[in-house]
Every structure is written in structure tokens, then in C-alpha cells.
J.: 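One structure, as C-alpha cells, below. Some questions next.
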Amino acid sequence: MRKTAKRNPGRQEPTAGTQLGTNLRRASPFLTVFVLLLLWQWVSAREIISHILVPPPAEVYRAFIKAMAAGTLPKHALVTLEEMLYGLLIGLGIGLVIGYAIAKAPLLENILSPVIVGFQSTPIVAYAPLLVIWFGSGLASKVVTTAVIVFFPMLVNTIVGIRSVSPKLRDLLRSLKAGRWQTFRHLEIPSALPVVLAGLKTSATLAVIGAVVGEFVSQGSGLGFLVTSARNLYDTPLVFVAVLTMTAISLTLYGLVAYVEWRFLFWQRRSNR
Amino acid sequence: MRLSLRELSISFPNPVGDMLPALGPISFDVAEEEFVCVVGPTGCGKSSLIRALAGLLRPTAGSARYGDETIDNPMDRFAIMFQDASLMPWRTVLDNIALPLEIAGLPRDLRYDRVRALLSQLHLEQFERAYPAELSGGMAQRVALGRVIVQQPRVLLLDEPFGALDALTREKLSLELLRLRQRYMQTIVMVTHDISEAVFLADRVIVLSRRPGRLVADIAVDLTRPRAPDLIYEKPFLQLTRRVRAEIEDLGT
Ligand SMILES: Nc1ncnc2c1ncn2[C@@H]1O[C@H](COP(=O)(O)OP(=O)(O)O)[C@@H](O)[C@H]1O
Ligand SMILES: [Mg+2]
């Protein structure tokens, strides 16, 4: 990098000012969270809103410790995680395969799009009860709700990603007599990766929604169930704990994908100068 | 072996589905180790011609042959290069040039040895590990040229390879192309929109008409080789460029 930097006079060396700016930008998400926490503390301390509606952070923290100690939180979180994991695997897998097929055979898009767009534009909450009737009230129905919800972003982004492959590079590979697999591996995967990972980011954050919607509809276990049962007992701090756990799971998944992006799309960082 | 085009024509369907002629019918030959430049107005089918010779596009009628083989699929030892370098942004310079060898199934060490031997000839030694985004236009085109040469092709098909570069870089790269050709002696068909570049490089300049491109002139360039940059100030060179220009101007606007 050093030797090429010299050859690019347009590139600015980071000055003290921009360095500060960079650090500030990195820290800003945490600042947002911090400010929200302060606001929350302030609102509940002055009891602007009743503690039954918005419990103070300390109380939520106590509820968290209690739920951890009793094992209820880990138990329900693991259930939700398991549903999400299988749902993601299935939904992403099917999204990738059908997306690739559609990108390669536009006729398939005409055939499948009424079903796919129909599914996507119907609120999942509305047909989740049906899925429970079909797939039972156990793990399967939640896996299906998750799979359905993560499927669409993956599908669309896979189609866009594969279609964005440069026709010149396709010609080049053809002229090199590259086989199907070689074209897939050396051209299609790397070309589509940025868009596919962007889709994966969306899917990752939707996965929790899918699982929890399933849990709301058929009670039993999971974070969604924890929310409903805590609400029925007017245990607002526990509701907060459950909801914040979902947020944490989502953010972690998102972070994981962002890391994969950072790791595998280094060549894009080099271009964005 | 000879490249020969016989009554080759190419048509494309318009949005309504009618076939509109884009090139030809056109017939000409390119002898073994001959360097032919093709010039003509935009949209007259030059790129389509190159793609047909590369076996990437089937002619609508007529044929292109290499020796006695009809070109209807990509041929062994034919290599193509485009106006934009068309490098893979996720590969280093080294791996971009090595791509053809990788596709051909050469083991990594062998690939890298062959590419490294080439890098110095292309003045790219310093940039082995650079990514395309870090290269200037001229440098990127050198890499594309490397990716062609590494295939040790018998026939080079170049579609305005230096068209996007500034005049100075273009001249440098043309000289390098001549040098590489002297070393490896391939047959070259090159499309360009630069008349003096065509005359400077080629043994023959072929002028195409407006769409659909037909052969309107086939001008032999009988200038001695090797050609030095100063050639462009000399009378025979100027006379030839004037002839080519006159043919193009005769096409009207
Ligand atoms: N795939 C295609 N489909 C339809 N029309 C095309 C296609 N490729 C090229 N054409 C048309 O054919 C003509 C010749 O194109 P091209 O060979 O690229 O010309 P040139 O390289 O001389 O500018 C142009 O008018 C172009 O619009
Ligand atoms: Mg063209």
C-alpha cells in the first residue's frame, strides 16, 4: 500500500483533524446508545412515565440478573437462537439456489414471481397461524416463519448480484474456455458477493422477527413467549429484558455479517478512495 | 494459418424482433503473423467482428475460418482484449494475469513463474500485489495485455485496446505491443479509431463503411519494421494516413 500511496498524489494523508473525525465516527453508535440510556434513566428517575410502563434501567438490570440466575433467559434465548439458525440455513439456502436459477433463466422469474411476490407482500403475522396449523406448534413452524422472512432479501440480492456480473468478464471466461464451475467460482461468486452480503445483512436482522412471530402465535418457549408471559404478569422489566435480548441477538448477527464483509471485500475498500 | 472471413454478416434483433444487419457481408483474409487494423465509424460492427472471430458470437450468415476450421466457438490459442481492461477487481495484478493459466489448470507455482517472467517486460514488477483499483488506466491496460500474452496466443484479437488512454500512454503501449509481437510473432486483428495508430502498427488497414460495416478499403502499409516513433513524421507514413483518412471521409456523415 505504501508504495502505491506515493503514486497517488490525490490521496490525502490523514491529518489530526480527519483522524479525530474517524474516531468520532467509529464511536458514534456507542454514543447513541449511551445517550439513549441517559435519557431512559432521566425519564424514569423523574417518573415522567410510570415505572409500570417504563421501568428504570436498574430495575431492568435486576430482572436480567434474576432471569439469568434462574436460567429462564438462557433457556428461552437458546430456543429462539435454534429456531433462527435452522430458519436462516433453510431460508438463505433456498434463496440462494432459487435466486441463482432465476438469474440464469429469466423465464423462471415470470413463472415464480407471482408466488414469491405474493408471499412477500402478505404480512407474515397474518399467515403465521396457518403455518402453525400446518407445521405444528413445535420447532418446525418457527423455523418456517424464520425461513420465509429471511428468504426474500437473499433471493432478490442473489438475482441482482449474479446479473451484475460484467458481460466483458463473461466473454473473457468464455474465450478462456472456462467451464460452468470455473465461471461460478472465479467470476460469479466474487462478483455477486458484495450484493449477496448486503442481502445477508438484511436477512440476519429479519431472522429474529421470523422466530418471534412464530413464538407469539404458538406459545411454549422462546423469547417471544417470554415477552407474552411476562406481559401477562405485568412484569415490565422482564419484557424489557426479553426485547433487549432480541436486539442484542440481531445486532450480533448483523455484526458478524459486517465482519465477513470487511474481511472478504477488502478489494472494495481499496477502490473507494 | 490463415484467418479467412467469407461473406460474414451479423444481424441483431431490434426490440420488435426484426433482424437488423450490423456488419457485412464482408470477406477478407489475414495471413499468418500478419497485423491487420480495422477502422470504421462507431456502430459499424467492429466489436461484433472481433467477437465473431473470438468465437463469442455466431455470424448470422457466412463464416470465419482459421485454417480449415470454422470458428463457431472460442478457439485454442486465440486471445481477446477489450477497450476497458476488464480486470477482476478482487484479484491482484499477479492473479489477474495468471487467470488464463489458472483456468487452464496450471499449478500455482508454475503460473506465478510464468507471470513473473512477464511482469518485467510489462514494467509491472512493482505492482505484482496491487489491486486494479490502485492502477492508472495505462497500467491496468498493461495488465490486460499481460493476461493476453501469458496465453501465448497464435491469434490476438484487440478491440480498441488503447482507446480509453491518453495520447502519450497510448503511444507507449503501442510500441510495447510491437515489441511483444516481434518476440512472439502472432497474427493480430486490432480495432482502433485512431488512424495514425492503425498505420503505425499494421501491415494492412481495413476501412469499414457505416452500419452495416462493409469493406470499403484494404490498404497495405508497406513501411519497414521495426518501426520507430519518429516514423510518424515521415512522408510515406503521412501519405498512408492521408489515404486512410480520405477513405473514411468519403463515407460521409
Ligand atoms: N447484443 C446486441 N444486441 C443488439 N444490437 C447490438 C448488440 N451488439 C451490438 N449491437 C448493435 O450493432 C451495431 C454494431 O455494434 P458494434 O459491433 O459494437 O459496433 P462498433 O464496435 O463498430 O462500434 C451497433 O449499432 C450496436 O448498437
Ligand atoms: Mg466497439
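Note that these values count all heavy atoms, side chains included, but never hydrogens, waters or copies made by symmetry. Throughout, a chain's letter reflects where its sequence line sits, starting with A, and its residues are numbered from 1. Only a predicted model underlies this, so the values are computations on that prediction, with no experimental measurement involved.
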J.: Got a sec: does the OH of B/Y112 have more than 12 other heavy atoms crowding it under 6.0 Å?
T.: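 Yes, the 6.0 Å shell around OH holds more than 12 heavy atoms from other groups.
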J.: Decide yes or no on side chain to side chain contact (heavy atoms under 4.5 Å, CB included) for A/L193 and B/W90, but give the supporting numbers first.
T.: CA-CA 11 Å; A/L193 199 59; B/W90 53 87; over 6 Å; no
J.: For the interface with chain B, which of A/A178, A/S166, A/S191, A/G179 has the highest count of heavy-atom pairs at distances below 4.5 Å?
T.: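 Max contact count across the listed options: A/S191.
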J.: Please report the interatomic distance CG(B/D76) to NZ(A/K177), rounded to the nearest 0.5 Å.
T.: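 So the CG of B/D76 and the NZ of A/K177 are separated by 3.5 Å.
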J.: Is A/T183 close to chain B through its backbone or its side chain, or both, or neither, when contacts mean heavy atoms under 4.5 Å?
T.: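 Nothing of A/T183, per the 4.5 Å heavy-atom cut-off to chain B.
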J.: Please report the shortest heavy-atom distance between B/I103 and A/L173, naming the atom on each side.
T.: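 It is CD1-CD2, 4.2 Å.
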J.: Flag the pair A/Q182 / B/E102 as yes when at least one side-chain heavy-atom distance between them is below 4.5 Å, and no otherwise.
T.: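 With C-beta onward as the side chain, the pair stays apart.
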J.: For chain A, which residues from residues 51-68 of chain B have at least one heavy atom closer than 4.5 Å to it?
T.: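 Counting heavy atoms that sit under 4.5 Å from chain A, the residues of residues 51-68 of chain B involved are B/R51, B/G55, B/L56.
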J.: Would you name the heavy atoms of A/S175 and B/P74 that are closest together and state the gap between them?
T.: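 The answer is CA-CB, 3.9 Å.
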J.: Are more than 12 heavy atoms, taken from residues, nucleotides or ligands other than A/K168, located less than 6.0 Å from that residue's NZ atom?
T.: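 Yes - once you tally the heavy atoms of other residues, nucleotides and ligands closer than 6.0 Å, there are more than 12.
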J.: Can you tell me how far apart CD1 (B/I50) and CG (A/D171) are? Round to the nearest 0.5 Å.
T.: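 Here the rounded value is 12.0 Å.
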J.: Calculate, to the nearest 0.5 Å, the distance between atoms OH and CD belonging to B/Y131 and A/Q268 respectively.
T.: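 So the OH of B/Y131 and the CD of A/Q268 are separated by 12.5 Å.
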J.: Using a 6.0 Å cut-off, check whether atom CG of A/L36 has over 12 heavy atoms from anything other than its own residue.
T.: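 It does: A/L36 CG has more than 12 such atoms within range.
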J.: Between B/M88 and A/L187, is there a side-chain heavy-atom distance shorter than 4.5 Å?
T.: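 Yes, close enough: below the 4.5 Å cut-off.
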J.: Is atom OH of B/Y184 surrounded by more than 12 heavy atoms (other residues, nucleotides or ligands) closer than 6.0 Å?
T.: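 Buried by this count: over 12 neighbours within 6.0 Å.
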J.: Does any backbone or side-chain atom of B/L157 lie under 4.5 Å from a heavy atom of chain A? Answer side chain, backbone, both or neither.
T.: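 No part of B/L157 comes within 4.5 Å of chain A.
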J.: Identify which part of B/M75 has an atom lying under 4.5 Å from any heavy atom of chain A, answering side chain, backbone, both or neither.
T.: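 Backbone only.
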J.: For the CZ atom on B/R108, are there more than 12 heavy atoms of other groups (residues, nucleotides or ligands in this structure) within a distance under 6.0 Å?
T.: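 Open: at most 12 neighbouring heavy atoms sit under 6.0 Å from CZ of B/R108.
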J.: Do other residues, nucleotides or ligands put more than 12 heavy atoms under 6.0 Å from B/E125 CD?
T.: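 More than 12 within 6.0 Å, yes.
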J.: Would a 4.5 Å heavy-atom cut-off, applied to side chains only, mark B/L99 and A/L176 as touching?
T.: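 Yes, side chains in contact.
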J.: Should we say atom OH of A/Y86 is surrounded by more than 12 heavy atoms from elsewhere, each under 6.0 Å from it?
T.: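 No, not enclosed.
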